[in-house]
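First the proteins, then the strands, lettered A, B, ... as listed; each starts at 1.
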Protein chains: 2
Amino acid sequence: MSSTQPPTRIKILTATWNLLEKEETPQVRMSDIAKAAKVSRQAVYLHFENRADLLVATARHLDDVYKIGPTVEALHGLPALERLSGWVGIWGDYIPKVYGVGRALMAMMDGDAEARAAWDDRMSAVRRETGFAIDALAAEGLLCDHMTRDEARDFLWTLLSMRNWAQLRHEAGWSQDRYITHMQAVARRVLLKGAHAQA
Amino acid sequence: MSSTQPPTRIKILTATWNLLEKEETPQVRMSDIAKAAKVSRQAVYLHFENRADLLVATARHLDDVYKIGPTVEALHGLPALERLSGWVGIWGDYIPKVYGVGRALMAMMDGDAEARAAWDDRMSAVRRETGFAIDALAAEGLLCDHMTRDEARDFLWTLLSMRNWAQLRHEAGWSQDRYITHMQAVARRVLLKGAHAQA
DNA sequence: TGTCAACTTTACATGGTGTAAAGTTAAATT
DNA sequence: AATTTAACTTTACACCATGTAAAGTTGACA
């Protein structure tokens with residue numbers, strides 16, 4: 001049976017995931033990954049061009065495992081206010097799941113053009129989705145008038161960055177619940193028209 | 001005259017500064033710095049223990065040149081609302097001046113304990129100052145009651161991070177003015193009691 | 001003349017990434 | 001049964017940046 005022993009590619013991806021998941025690890029090397037996957041270091045290069053490529057593939061693998069795409073799409077029918085909070089909640093709960101990989105990718109960004117491009121690509125997907133939530137608010141006439149839609153999108157997108165999550169969660173010691181609740185409240189307070197801002 | 005030719009240490013610091021200031025440069029090496037300072041690579045190690053040490057010294061040098069300490073202290077007498085906006089404005093205008101060095105230090109953080117510690121140290125100073133502004137608001141009864149003072153401080157501190165500035169300024173294309181104005185407005189909207197939040 | 005500090009020059013150890021190529025193994029092909 | 005092929009291992013090495021080591025140069029000062 002081929003299903004008893006996962007194929008090498010998957011073994012490498014899950015090993016990468018496991019290693020990056022544990023916070024302590026500051027610097028995960030290709031040899032660490034190979035060892036964890038019980039595979040030679042060269043086998044890794046047989047499946048992935050380089051370190052950046054492997055990290056990106058791992059990130060995509062997590063997207064698959066966690067079905068983030070369908071989860072986000074489920075929001076698209078909701079009324080604007082619920083959609084806003086829903087999006088903040090879903091993305092905010094997804095961050096801790098992918099933070100390890102994200103962090104490794106971010107660390108590579110300066111100096112590695114491929115890593116940079118891959119990261120920007122992922123983040124622009126987040127930006128787009130944030131924009132949809134803002135558009136929904138605007139469509140229902142709920143968006144405040146002291147910001148353009150683009151400004152609103154880019155502010156919220158920035159607020160929801162992984163770095164901010166990490167700083168509040170790890171440096172400031174916030175609980176995950178407090179993080180989510182607070183971000184939802186801030187989003188409403190900053191983005192909505194006066195009458196709805198206290199909701 | 002010893003003043004016509006700046007001492008080597010200063011030459012190295014200003015060379016580091018110049019190189020890190022230009023955005024394009026993704027990866028500034030010790031040899032680049034030495035070359036720019038017209039000094040041998042080894043001379044750099046005569047004045048600074050290692051790369052992290054050099055970057056930290058450069059950051060402190062900028063603090064000196066720009067007199068950030070006294071500038072911030074000038075806020076301490078102001079009424080809470082002006083103090084809040086003043087702090088957001090001063091720090092927000094300081095970020096672009098030190099972003100090059102900050103970025104290089106951030107890039108070293110994972111993997112270099114010394115860089116990590118130095119960065120955390122600098123950021124905790126920002127956090128403390130942010131806390132003072134929050135305390136002033138609380139003292140005048142202006143702080144909203146849906147957050148503790150620590151929460152308010154850590155939220156604002158996070159909002160004012162260099163990464164957020166860079167994302168809005170460079171990725172989202174905001175002007176420096178828009179960045180400052182917006183951050184001041186968000187701070188008021190999120191932190192102040194309902195009656196004052198629209199100010 | 002001699003000493004000392006600051007700097008240069010040359011050389012090398014280290015550690016991680018990525019490349020190259022020959023060797024092994026087991027399953028599929030004929 | 002013999003052979004081909006793909007996937008993987010093993011060994012070796014080039015590269016590049018950091019940091020260390022030590023001998024040589026220079027100029028000021030005593």
Does [X] have any salt bridge (charged side-chain N to carboxylate O under 4.0 Å, His left out) partners at least two apart in sequence or in another chain, and if so, which?
X        : result
B:Arg60  : none
A:Arg41  : none
A:Arg128 : none
B:Asp63  : B:Arg122

ask   = Hey, does the side chain of B:His47 come within less than 4.0 Å of C:dC7's phosphate (OP1/OP2), counting only N and O?
value = yes

Quick one: [X] [atom1] to [N] [atom2], roughly how many Å, whole number?
X        : N      : atom1 : atom2 : value
B:Leu55  : D:dT18 : CG    : C1'   : 13 Å
B:Glu114 : D:dG19 : CD    : P     : 9 Å
A:Ile12  : D:dA7  : CD1   : C1'   : 11 Å
A:Arg51  : D:dC16 : CZ    : P     : 19 Å
A:Leu46  : D:dA6  : CG    : P     : 12 Å

note = The complete set of salt bridge (charged side-chain N to carboxylate O under 4.0 Å, His left out) pairs with one or both residues in residues 107-120 of chain B, sequence neighbours excluded, reads A:Arg103-B:Asp110, A:Glu171-B:Arg116, B:Arg116-B:Asp120

ask   = Can you list the residues that meet the side chain to side chain contact (heavy atoms under 4.5 Å, CB included) rule with A:Ile180, with sequence neighbours excluded?
value = A:Asp93, A:Gln176, A:Gln184

task = Please list residues of residues 100-112 of chain B whose heavy atoms come under 4.0 Å from any atom in DNA chain D, ordered by number; otherwise none.
result = none

Protein N or O to nucleotides 20-22 of chain D N or O, pairs below 3.5 Å:
residue: D:dT20; atom: O4; partner: B:Gln42; partner atom: OE1; Å: 2.8

ask   = Where each residue is assigned the nucleotide of DNA chain D containing its nearest heavy atom, which of A:Val39 and B:Ala52 is assigned the position nearer the 5′ end?
value = A:Val39

task = First locate atom CD1 of B:Ile95, then atom CD1 of B:Ile90, and finally report the distance between them rounded to the nearest 0.5 Å.
result = 12.5 Å

note = In short, ring pair (Phe, Tyr, Trp, His ring centres under 6.0 Å) pairs touching residues 139-160 of chain B with sequence neighbours left out are A:His182-B:Phe155

